[in-house]
Number of protein chains: 2
Amino acid sequence: MIKRYDIFEWNRFLKPVPSMNEYRKGIMMRKKQTEKVTITDVAKAAGVSKTTVSRYLSGQYHALSDRTRTRIKAAIEQLNYRPNQLARGLKGDRSYLIGMIVADITNPYSTAVLRGAEDVCKRKGYSLMVCNTDNDPAKEREYIFTLQSHRIDGLLINTTGQNNGFLRELANDRTPVVLVDRKMPELGFDTIGLDNEQATSELVHFILNQGYKRIAYITEPLAGVSSRQERAAAFARELTRLGIPADDLYEVDLHSPESLMEKLDHFLTDTEGDKRAIIAANGVVMLKLISALQLKGVQIPGDVAVAGFDDPEWAPLIGSGITTVAQPTYQIGVTAMERIFNRLEGDTSPAQNIHFAGKLIVRGSTPAVD
Amino acid sequence: MIKRYDIFEWNRFLKPVPSMNEYRKGIMMRKKQTEKVTITDVAKAAGVSKTTVSRYLSGQYHALSDRTRTRIKAAIEQLNYRPNQLARGLKGDRSYLIGMIVADITNPYSTAVLRGAEDVCKRKGYSLMVCNTDNDPAKEREYIFTLQSHRIDGLLINTTGQNNGFLRELANDRTPVVLVDRKMPELGFDTIGLDNEQATSELVHFILNQGYKRIAYITEPLAGVSSRQERAAAFARELTRLGIPADDLYEVDLHSPESLMEKLDHFLTDTEGDKRAIIAANGVVMLKLISALQLKGVQIPGDVAVAGFDDPEWAPLIGSGITTVAQPTYQIGVTAMERIFNRLEGDTSPAQNIHFAGKLIVRGSTPAVD
DNA sequence: ATTTATAATGAAAACGAATGCAAAATCAGG
DNA sequence: CCTGATTTTGCATTCGTTTTCATTATAAAT
């Protein structure tokens, strides 16, 4: 089932060594080991054994006399010693590294989450390896391998959903995996994200209450991305429940601008004269949407009301402000990372699915109409 | 000179071990080594020695017979082997890790640079450890230590300028350090950024040519940040050269909104009736500026023209668009990272100072006036 | 067939830190 | 000063690789 991908593509990175002879002659360039100071040096300087220094390093103060402790500390400061995490990791089976695979690092949502995640890592003495996949499953796969090679202690991922086998394998090696924004129930991982049900229904109801009769929903392709699916489904369900046809759900490919334009044209002519509104499924879509509307000379909210998910920093500045549903992004990052540490600390409870409530922020783009 | 900071604060992260006895009993929780497959297993499965497998891993194909190569490859795939980078790094003195210390990860400028940097890393088989300092020198210092402990092979930094001693020390250990956006000439590191001279002068001239008589320049505090200083200096110089008083250079603290409001009030009343413009020194300032102007009910460009540095995604959408000077951010990231690899590959030429030209993007916020 | 170059291989010693085990030092109480 | 408990300490091994230094197989040249 799992495609056995040739993971050793990675050695393509190495320049081919030209010939055995040259190799032998040691021509290869490498970082010269500048008399790096090691635990041995510290031990020598402090007049104790490596063991003792090691104990100091890992905080086993209870096993050290005050005198020794002081001397080691002094030696370390004097020599400017930095313990080698590679060695520590190799022996101790902990790299103090957490991987974070992000679908699109330039998306403000991602960076906000990242920021929260990073703060927690720092607090715990861990560091973050950040990987950007551009939503490309192949890149994602390569990154999973790389991170595995670095023996990360945990992974926070915004997955494309195309590499479940590899993720499962990672988890089998006792590496906690936490999903952000996008669920994959079959994997049984902790998942953190927005309560899409609540958020969507709140937004839809608000818009209808403002008096709009037709609502379009514009989203990136639903295929495989749970958050997109959940929002779209909730949108359709709410409308249907209220007896309104949910025909205007448009999937657009943001890479081809015409795609969006076409859908817009269709909706706008179809609803000519009606009180109508458009919902953008996330911040990126919203940006494109507004750009497209401006290009067509369509007035917001005069000709059409607009609202969307995510609350980008610029939402208040467009016209009289765009109505949005904000996500607690920083909190999502924090919570996700905390799940990882909980797992590392031995929590074996069943996978948790934590969703945060979205917060409706009403602005000028959705005025009440009669 | 260098303050000897107690680097071993870091072991504060470790839970104190309760007592020697308990410790002896091995109560400590640790990740159980699940029969991880090692190079030895691969060697065994392929019927060769570890040495040979290692050669395969590092791409020394010239030293391998086809038969051996095939067998090793098969063994690796079958066993699902992932080479341990910690061990490789320990022995080979290369971690395949590059550190990136960013002042503010939520700033789109930073993420755009990050994206470029990351792409290069990936291409080279390296990974990126990302650290966010929030412009806090203490955090920066801690991160430098941490990264050093992880034996990063290179560092890309957007420095606060308060930890030069430690950066120099890092560089002494033969770790290439490349500065982004902010120069520190005394350190002698490669530096990549915008050509602030050219960019600023181009912008200022454009605005003057459009017919504006008074220009305000709003920037975050200049203290120690070269890019801010360069832009502000260029602004003042250009005006002075043209015989215009450069009085309206305002440093504002973005954390206190009143700070900006005050300066704005001052400038706007002072120039009542004049043709006037305001330049924001970067994207973040611009956002605050526009927000403040909207709050005061000041029309752009009716009451005041606006332009700024960075070209945030939303710049085209505000009113009839905001005029900006765009930086080639992705390119900056790529170039910076390439400098690191050049250094790693042995380039010992003097420090380079690469600045890219900014590109003036004219939009509706700065119309010609008579 | 014998020498001589060259291509393929392997045994064993690092790399820097953590740790099981055992020994040395210290202490409390007599 | 001695005994037994307890606290401190260190030796030697281990983690998974890379690399040095040989050694063995193969081919080319005589």
Side-chain angles (χ1 to χ4, degrees), chain A residues 11 14 17 19-26 28 30-31 33 35-44 46-69 71-72 76 81-96 149-151, chain B residues 11 14 17 19-21 23-26 28 30-31 33 35-44 46-69 71-72 81-96 149-151:
Chain A
N11 55 21
L14 306 179
V17 181
S19 92
M20 195 59 188
N21 270 345
E22 290 204 24
Y23 176 70
R24 276 249 166 73
K25 287 188 201 138
M28 294 188 74
R30 41 192 20 270
K31 186 168 165 187
Q33 177 73 322
E35 17 47 41
K36 250 295 182 194
V37 15
T38 77
I39 199 173
T40 313
D41 303 319
V42 175
K44 209 164 296 173
V48 297
S49 75
K50 301 195 298 176
T51 310
T52 306
V53 178
S54 172
R55 293 218 175 85
Y56 175 87
L57 292 180
S58 43
Q60 295 170 36
Y61 296 139
H62 60 86
L64 299 179
S65 68
D66 283 353
R67 206 180 66 106
T68 314
R69 192 150 130 196
R71 300 181 63 169
I72 294 180
I76 286 177
Y81 168 70
R82 302 278 184 282
N84 185 329
Q85 290 293 354
L86 301 175
R88 304 189 91 204
L90 177 57
K91 188 77 227 299
D93 208 20
R94 241 175 179 49
S95 62
Y96 299 95
S149 254
H150 281 283
R151 298 295 187 266
Chain B
N11 54 22
L14 306 177
V17 180
S19 92
M20 194 60 188
N21 271 344
Y23 176 70
R24 275 245 167 76
K25 286 186 203 142
M28 296 189 74
R30 40 192 23 269
K31 187 168 163 187
Q33 176 75 322
E35 18 45 44
K36 250 296 180 194
V37 14
T38 77
I39 200 174
T40 311
D41 302 320
V42 175
K44 209 164 292 171
V48 297
S49 74
K50 301 195 298 178
T51 311
T52 306
V53 178
S54 172
R55 293 217 176 86
Y56 175 87
L57 292 179
S58 44
Q60 296 170 35
Y61 295 140
H62 60 88
L64 299 178
S65 69
D66 284 353
R67 206 181 68 107
T68 315
R69 192 150 129 196
R71 299 180 63 169
I72 294 180
Y81 168 70
R82 303 277 185 282
N84 185 328
Q85 290 293 356
L86 300 176
R88 302 189 93 203
L90 178 56
K91 189 77 226 299
D93 207 19
R94 243 176 178 48
S95 61
Y96 300 94
S149 253
H150 281 283
R151 296 295 185 266

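Computed from a predicted structure; not experimentally measured.
Regarding B/D66, its CG atom lies at a distance of 14 Å from the P atom of C/dA7, rounded to whole Å. Taking atom NE2 on A/H150 and atom P on D/dG16, their separation rounds to 17 Å, with Å as the unit. Rounding to whole angstrom units, OH of residue B/Y56 and C1' of D/dT17 are separated by 17 Å. In this structure, A/R82 atom CZ and C/dC15 atom P are separated by 21 Å, rounded to whole Å. Between B/L86 atom CG and D/dT18 atom P there is a gap of 12 Å when expressed in whole angstrom units. Summarising the geometry, the separation between CZ on A/R71 and C1' on D/dG10 is reported as 15 Å, rounded to the nearest angstrom. Whole-Å rounding puts the B/L57 CG to D/dT19 C1' distance at 14 Å. As rounded to whole Å, 16 Å separates atom C1' of D/dT17 from atom CZ of B/R94.
Between B/T38 and D/dC15, a side-chain N or O to OP1/OP2 separation shorter than 4.0 Å is absent. Look at B/S49 and you won't find any side-chain N or O under 4.0 angstrom from OP1 or OP2 of C/dA11. In this structure, A/S65 reaches the D/dT9 phosphate: one of its side-chain N or O atoms is under 4.0 Å from OP1 or OP2. Proximity of A/Y81 to the phosphate of C/dA17: a side-chain N or O atom is located under 4.0 Å from OP1 or OP2. At C/dA18, none of the side-chain N or O atoms of A/S58 fall inside 4.0 Å of OP1 or OP2 (strictly under the cut-off). Between A/T40 and C/dA17, a side-chain N or O to OP1/OP2 separation shorter than 4.0 Å is absent.
Backbone-only engagement by A/V48 is indicated by non-hydrogen atom pairs under 4.0 Å involving sugar-phosphate atoms exclusively.
Position along DNA chain D of the nearest nucleotide to A/L64 versus B/I39 favours A/L64 as the more 5'-ward residue. Residue B/R67 is the one, among B/R67 and B/L90, whose nearest nucleotide of DNA chain C lies closer to the 5' end (criterion: closest heavy atom). Both A/G47 and A/A87 lie close to DNA chain D; mapped to their nearest nucleotides by heavy-atom distance, the more 5′-ward contact belongs to A/G47.
Within the 4.5 Å cutoff, no side-chain heavy atoms of A/L57 are placed close to those of A/V42. With a 4.5 Å cut-off on side-chain heavy atoms, B/T38 and B/N84 do not count as touching.
Summary for the helix from C/dA1-D/dT30 to C/dG30-D/dC1: the axes at its two ends, each from 5 pairs, differ by 40° when rounded to the nearest 10 degrees.
One finds the CG atom of B/D41 at 11.0 Å from the NZ atom of B/K36 (value rounded to the nearest 0.5 Å). Here B/S149 contributes atom OG and A/R88 contributes atom CZ; the two are 7.5 Å apart, rounded to the nearest 0.5 Å. In this structure, NZ in A/K50 is found 13.0 Å from CZ in A/R55, a value given to the nearest 0.5 Å.
Distance from the side chain of B/N84 is smallest for D/dT17 among the nucleotides D/dT17, C/dA18, C/dG10. Distance from the side chain of B/R55 is smallest to D/dT20 among D/dT18, D/dT20, D/dG10. Closest approach to the A/S54 side chain among C/dT19, D/dG16, D/dG10 is made by C/dT19 (side chain taken as heavy atoms from C-beta onward). In the set D/dG16, C/dA17, D/dG10, C/dA17 carries the atom at the smallest distance from any side-chain atom of A/R88.
Considering all non-hydrogen atoms of both residues, A/P83 and B/R151 come closest at O-NH1, 3.9 Å. Looking at every heavy atom in both residues, B/A87 comes nearest to A/L90 through CB-CD1, 3.9 Å. Taking every heavy atom of both residues into account, A/V37 and A/Y81 meet most closely at O-CD1, 3.4 Å. Taking every heavy atom of both residues into account, B/G89 and A/L86 meet most closely at C-CD1, 3.8 Å. Residues A/H150 and A/S95 share a closest heavy-atom pair of O-CB, 3.8 Å.
Looking only at distances, no side-chain donor or acceptor of A/S58 sits under 3.5 Å from a matching main-chain atom of A/Q60.
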Under 3.5 Å, which N/O atoms of the protein pair with N/O atoms of nucleotides 12-14 of chain D?
from: D/dT14; atom 1: O2; to: A/K91; atom 2: NZ; distance (Å): 3.2

